[in-house]
Amino acid sequence: MLMAFWEVQRLTREINVLERRAIETRNRLSNYQKYSGVLGGSSILTMNNIAGISAELLPRATMFAQFSNQASSMSAMQNLQSMKMMGMVPFTGNPMMQFQIEMSAFAKFKEESMKALKQQEIQVLNEKEKEIQLEMNDIEQQIKMKRAMLESVKQLASEQARESAPKFGLG
């Protein structure tokens, strides 16, 4: 009888640990989804955009913001230089207008490059979300299994307690 009660305690502790892991895993999944939403919703990542991201993902978001800004600027500059060398940027003769045309082309190239980089990052995040979801499914399965075992052991403990209770000559 005592063994069944110990088993109830052990299974209850294990379920509590699994439920805590489930909560942590749900929070991690939510954090990744939130970061993906930030990437998908804004054209340029800034510190204001990523300020609400979890502490777990903040270093990644910060590094990505810096990297994507530098990489997209370099790509835009290379594309602009290529277009100028091929004569695809009109020469106006007016330095101010020429500057505006080139800056407009630069901004467009940078935006396209940034979109591509963000799509790559979103794909990586989506894969991580899938991994976390699989982990969540596994935890939920373990919880179901442990709860079923707990109910079985509780029933056994109850039966053992009934059987070992003194009858005082009544039965």
Side-chain angles (χ1 to χ4, degrees), residues 11-150:
L11 287 169
T12 302
R13 279 192 307 275
E14 288 178 10
I15 290 169
N16 289 339
V17 167
L18 286 170
E19 286 175 340
R20 195 171 326 117
R21 273 185 55 207
I23 290 169
E24 291 167 358
T25 304
R26 273 188 215 99
N27 287 340
R28 260 189 20 244
L29 181 60
S30 175
N31 292 338
Y32 274 88
Q33 290 168 338
K34 188 175 188 178
Y35 179 37
S36 291
V38 167
L39 285 175
S42 62
S43 58
I44 297 175
L45 285 180
T46 64
M47 290 305 167
N48 289 337
N49 299 46
I50 61 175
I53 293 176
S54 72
E56 174 190 7
L57 291 174
L58 191 57
R60 179 185 185 107
T62 303
M63 293 288 286
F64 180 75
Q66 292 170 349
F67 164 76
S68 62
N69 184 46
Q70 291 172 352
S72 61
S73 292
M74 287 176 47
S75 175
M77 187 59 74
Q78 289 172 346
N79 286 339
L80 181 61
Q81 291 302 323
S82 295
M83 285 192 67
K84 286 168 81 173
M85 288 173 28
M86 291 188 292
M88 297 177 75
V89 175
F91 182 73
T92 64
N94 179 340
M96 188 57 117
M97 185 169 284
Q98 190 70 38
F99 178 76
Q100 288 176 340
I101 290 172
E102 289 179 12
M103 285 298 100
S104 176
F106 176 84
K108 185 68 175 165
F109 290 138
K110 183 173 179 171
E111 182 181 337
E112 289 172 3
S113 178
M114 183 68 79
K115 278 183 185 177
L117 290 170
K118 285 173 35 176
Q119 282 305 103
Q120 289 174 355
E121 179 73 347
I122 288 171
Q123 286 176 344
V124 169
L125 294 174
N126 287 342
E127 289 302 314
K128 186 63 177 175
E129 287 175 29
K130 288 176 187 174
E131 288 175 23
I132 295 170
Q133 188 60 54
L134 288 174
E135 181 182 345
M136 188 69 220
N137 294 344
D138 181 52
I139 292 170
E140 287 172 352
Q141 284 300 110
Q142 289 180 45
I143 290 172
K144 284 180 186 177
M145 184 181 72
K146 297 283 182 181
R147 282 188 178 149
M149 289 171 60
L150 178 62

If you define the side chain from C-beta out and look only at heavy atoms, does anything of [X] sit under 4.5 Å from [Y]?
| X | Y | result |
| --- | --- | --- |
| L18 | K146 | yes |
| S72 | F109 | no |
| R28 | M136 | no |
| R147 | L11 | no |
| Q98 | V89 | yes |
| L29 | R26 | no |
| K130 | E127 | yes |

With rounding to the nearest 0.5 angstrom, report the [atom1] to [atom2] distance, [X] to [Y].
| X | Y | atom1 | atom2 | result |
| --- | --- | --- | --- | --- |
| N69 | F64 | CG | CZ | 10.5 Å |
| I122 | E129 | CD1 | CD | 9.5 Å |
| I101 | T92 | CD1 | OG1 | 5.0 Å |
| K128 | S36 | NZ | OG | 12.5 Å |
| Q81 | M77 | CD | CE | 6.5 Å |
| N79 | E112 | CG | CD | 8.0 Å |

Kindly say whether [Y] contributes a backbone atom to a donor-acceptor pair with the side chain of [X] at under 3.5 angstrom?
| X | Y | answer |
| --- | --- | --- |
| S82 | Q78 | yes |
| S75 | A71 | no |
| Q142 | N137 | no |
| D138 | L134 | no |

- Message: Tell me whether the count of non-hydrogen atoms from other residues, nucleotides or ligands lying under 6.0 Å of CE in M103 goes above 12.
- Response: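 Yes, CE of M103 has more than 12 neighbouring heavy atoms, counting only those of other groups under 6.0 Å.
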- Message: Can you confirm whether M83 is buried at CE, in the sense that more than 12 heavy atoms of other residues, nucleotides or ligands lie under 6.0 Å from that atom?
- Response: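 It does: M83 CE has more than 12 such atoms within range.
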- Query: Closest heavy-atom contact between E102 and L80?
  - Reply: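 Smallest interatomic distance, heavy atoms only, reads O-CD2, 3.8 Å.
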- Message: Tell me the closest heavy-atom pair linking I143 and A22, and the distance in Å.
- Response: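 Minimum heavy-atom contact is CD1-CB, 4.3 Å.
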- Any Lys/Arg nitrogen of R21 or E24 sitting under 4.0 Å from an Asp/Glu carboxylate oxygen of the other?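 Result for this pair is no, no salt bridge flagged.
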